[in-house]
S.K.: 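Below is the structure I would like to discuss, written out as structure tokens.
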Amino acid sequence: MSAYLRRLDLVDPGPPSVTALRALHAAQVERVAYEALDVQLGRLTSIDPYESAARIAAGRGGYCYHLNGAFALLLRALGYEVTWRRAGVQARRAAEPPGPALANHLALTVRGLPAEDCPSGVWLVDAGLGDGLHQPLPLREGEYVQGPFRFRLRRSDVAPGGWRLDHDPSGAFTGMDFGMRPARVEDFLERHQHLSTSPESGYVRTCTVMRRDAGGADVLTGCVLRRVGDAADHRRVLESKREWYAVLGDVFGLRLTDLDDADRETLWARVRRADEVWATGRRSSATPAEPEK
């Protein structure tokens, strides 16, 4: 946990409080990238929260199962009341929300922290949505603005007793539904296997890395780096392996010290090959987005 907190540059966040929770959440999404680079290398990673926490402490990121699983572990160690929730992310191309039964996403709630804007003391905590939340939201119906993104929390139409987070129209996904029954790591193993290995998985088809901050999000899709949230979106095509790995390190904090030269060559070749295919029909008009889960 000490190494994890050093990664977040928060040596002593203090006892549980709304202020500390907001600081922890912001630090997590700003410093720990949303990424599935191991999938591109054909590697199945563990989503055990202890192993995910060790992964983050060592300088890597992950996607929702890793990021929220590890973050929940950290929060519990700091004294927070955290609960795992099965959730379903609706991709931009999906006509209907999949609902939490699919379990293509792990969401978190934290309770016991009442505040003026959250009388119930229950908060939606989610550091695994790529360009999603920068800070936790009170679990109550309403619209919330964080940087350039406007979110809406409402009761879910597909999760009885659950909730729906609608993302901003400029975001990488349409929304996310989650139920209120507690979940555990076993609930996500089957979908994790699919997301990591199936040719239909967006993580297999597309290499995407994201990092959220107060002003917006940095998004790397294949060889296209995009900044979302400034007055005008900025797009840059990375033409070389050296430039691509420099961006991973400088923008996303991914030095990838666990990859040897052969791994780096394999990863770059796959990303470059997939990007060339994608570029023939989409680069000029498409908006890079989170891989469809």
Side-chain angles (χ1 to χ4, degrees), residues 1-35 45-85 106-139 144-147 149 151 182 184-185 209-218 248-258:
M1 291 301 99
S2 296
Y4 196 144
L5 287 171
R6 286 196 298 271
R7 175 86 194 276
L8 302 186
D9 198 23
L10 289 172
V11 177
D12 182 12
S17 69
V18 174
T19 299
L21 179 63
R22 286 172 173 154
L24 284 160
H25 196 290
Q28 171 85 9
V29 298
E30 289 177 9
R31 295 177 177 273
V32 183
Y34 176 100
E35 53 104 345
T45 55
S46 169
I47 59 170
D48 174 88
Y50 288 92
E51 294 187 37
S52 295
R55 171 188 174 90
I56 289 171
R60 289 295 301 273
Y63 57 96
C64 61
Y65 305 142
H66 311 96
L67 299 175
N68 281 335
F71 194 48
L73 190 67
L74 175 67
L75 292 177
R76 288 194 184 111
L78 293 171
Y80 291 87
E81 298 181 58
V82 189
T83 305
W84 286 30
R85 310 290 185 186
L106 162 63
L108 306 174
T109 58
V110 169
R111 61 180 299 167
L113 295 176
E116 184 176 349
D117 59 341
C118 186
S120 70
V122 183
W123 299 80
L124 170 63
V125 172
D126 204 317
L129 284 171
D131 69 350
L133 301 183
H134 182 244
Q135 294 190 353
L137 294 181
L139 194 58
Y144 303 90
V145 176
Q146 294 186 352
F149 299 128
F151 302 97
R184 53 185 184 170
V185 66
V209 183
M210 296 187 186
R211 187 196 66 86
R212 182 71 159 91
D213 58 38
D218 297 301
L248 285 179
D250 297 340
V251 177
F252 299 98
L254 293 170
R255 302 298 173 185
L256 303 181
T257 56
D258 55 322

S.K.: Once you round to the nearest 0.5 Å, how far does OG1 of Thr109 lie from CH2 of Trp84?
M.R.: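 So the gap between those two atoms works out to 12.5 Å.
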S.K.: Is there a donor-acceptor pair closer than 3.5 Å between any side-chain N or O of His134 and the backbone N or O of Gly147?
M.R.: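 No, the answer is negative, given that no donor and acceptor are paired below the 3.5 Å cut-off.
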S.K.: Angle between ring planes, Tyr63 versus Tyr65, binned at 30° and 60°: parallel, tilted or perpendicular?
M.R.: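 Aromatic pair Tyr63/Tyr65 classed tilted.
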S.K.: Kindly give the heavy-atom pair with the smallest separation between Asp48 and Ser46, and that separation in Å.
M.R.: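 So the two residues come closest at N-OG, 3.0 Å.
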S.K.: Kindly indicate whether the side chain of Arg76, heavy atoms from C-beta on, has any atom under 4.5 Å from the side chain of Leu78.
M.R.: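 A side-chain contact is absent here, since even the closest heavy-atom pair is not under 4.5 Å.
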S.K.: Of Leu108, Val125, Val110, Leu74, which meets side-chain contact (heavy atoms from CB on, under 4.5 Å) against Tyr80?
M.R.: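 That would be Val110; it is the only one of Leu108, Val125, Val110, Leu74 passing the side-chain contact (heavy atoms from CB on, under 4.5 Å) with Tyr80.
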S.K.: Taking only residues two or more places apart in sequence or in another chain, which ones pass side chain to side chain donor-acceptor pair (under 3.5 Å) with Tyr4?
M.R.: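 If we apply the side chain to side chain donor-acceptor pair (under 3.5 Å) test to Tyr4, skipping adjacent residues, the hits are Gln28.
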S.K.: Taking all atoms of both residues into account, what is the closest heavy-atom pair of Val209 and Leu248, and its distance?
M.R.: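 Closest approach of Val209 to Leu248, heavy atoms only: CG2-CD2, 4.0 Å.
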S.K.: Whether the Thr83 and Arg111 side chains hold a donor-acceptor pair (N or O, under 3.5 Å, no angle test) is what I'd like checked.
M.R.: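 Side-chain D/A pair, Thr83 to Arg111: absent.
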S.K.: Scan for salt bridge (charged side-chain N to carboxylate O under 4.0 Å, His left out) pairs involving residues 56-72, sequence neighbours excluded, and state none if there are none.
M.R.: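 Only Glu35-Arg60, Asp38-Arg60, Arg60-Asp258 qualify under salt bridge (charged side-chain N to carboxylate O under 4.0 Å, His left out).
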S.K.: Identify the two heavy atoms, one from Leu73 and one from Met1, that lie closest to each other, and give their separation to 0.1 Å.
M.R.: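 The pair with the smallest heavy-atom distance is CD2-CE, 4.1 Å.
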S.K.: If only atom types and distance count, is the side chain of Arg6 paired as donor or acceptor with the main-chain N or O of Val11 below 3.5 Å?
M.R.: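 The answer is no, because no donor-acceptor pair under 3.5 Å joins these two groups.
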S.K.: Within the distance-only criterion (no hydrogens, no angle test), does the side chain of Asn68 pair as donor or acceptor with the backbone N or O of Ala127 below 3.5 angstrom?
M.R.: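 It does hold such a pair.
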S.K.: Looking at every heavy atom in both Trp123 and Leu113, which two are closest together, and how far apart are they?
M.R.: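 In terms of heavy atoms, the two residues are closest at NE1-O, 2.8 Å.
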S.K.: Taking side chain as C-beta onward, heavy atoms only, is Ile56 less than 4.5 Å from Arg7?
M.R.: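 Yes, their side chains come closer than 4.5 Å.
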S.K.: In terms of side-chain geometry, is the basic nitrogen of Arg211 or Asp218 positioned less than 4.0 Å from the acidic oxygen of its partner?
M.R.: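 Here Arg211 pairs with Asp218 in a salt bridge, since their nearest N and O are under 4.0 Å apart.
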S.K.: Which heavy atom of Asp213 sits nearest a heavy atom of Glu30, and at what distance?
M.R.: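 So the two residues come closest at CA-CG, 3.9 Å.
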S.K.: Can you tell if the side chain of Phe71 reaches within under 4.5 Å of the side chain of Leu75, non-hydrogen atoms only?
M.R.: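 They are in contact (side-chain heavy atoms under 4.5 Å apart), so the answer is yes.
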S.K.: Mind listing the closest non-hydrogen atom pair of Gly59 and Leu254 along with its distance?
M.R.: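 Smallest heavy-atom distance, with atoms named: O-CD2, 3.8 Å.
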S.K.: Go through the structure and list residues passing ring pair (Phe, Tyr, Trp, His ring centres under 6.0 Å) with Phe149, not counting sequence neighbours.
M.R.: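 In terms of ring pair (Phe, Tyr, Trp, His ring centres under 6.0 Å), with neighbours along the sequence ignored, Phe149 is linked to His167.
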S.K.: Keeping to residues at least two apart or across chains, list the salt bridge (charged side-chain N to carboxylate O under 4.0 Å, His left out) pairs with something in residues 9-21.
M.R.: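 Applying salt bridge (charged side-chain N to carboxylate O under 4.0 Å, His left out) to every pair that reaches into residues 9-21, excluding sequence neighbours, yields Asp9-Arg31.
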S.K.: Please round to the nearest 0.5 Å and tell me the distance separating atom CG of Leu106 and atom CG of Asp126.
M.R.: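 The distance works out to 7.5 Å.
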S.K.: Using the test side chain to side chain donor-acceptor pair (under 3.5 Å), find all partners of Gln135 that sit at least two apart in sequence or belong to another chain.
M.R.: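 Scan of Gln135 (side chain to side chain donor-acceptor pair (under 3.5 Å), adjacent residues dropped) gives none.
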S.K.: Identify every side-chain donor-acceptor pair in residues 15-24 under 3.5 Å, counting partners at least two apart or on other chains, and give the distances.
M.R.:
residue, atom, partner, partner atom, Å
Ser17, OG, Ala20, N, 3.0
Arg22, NH2, Asp117, OD2, 3.3

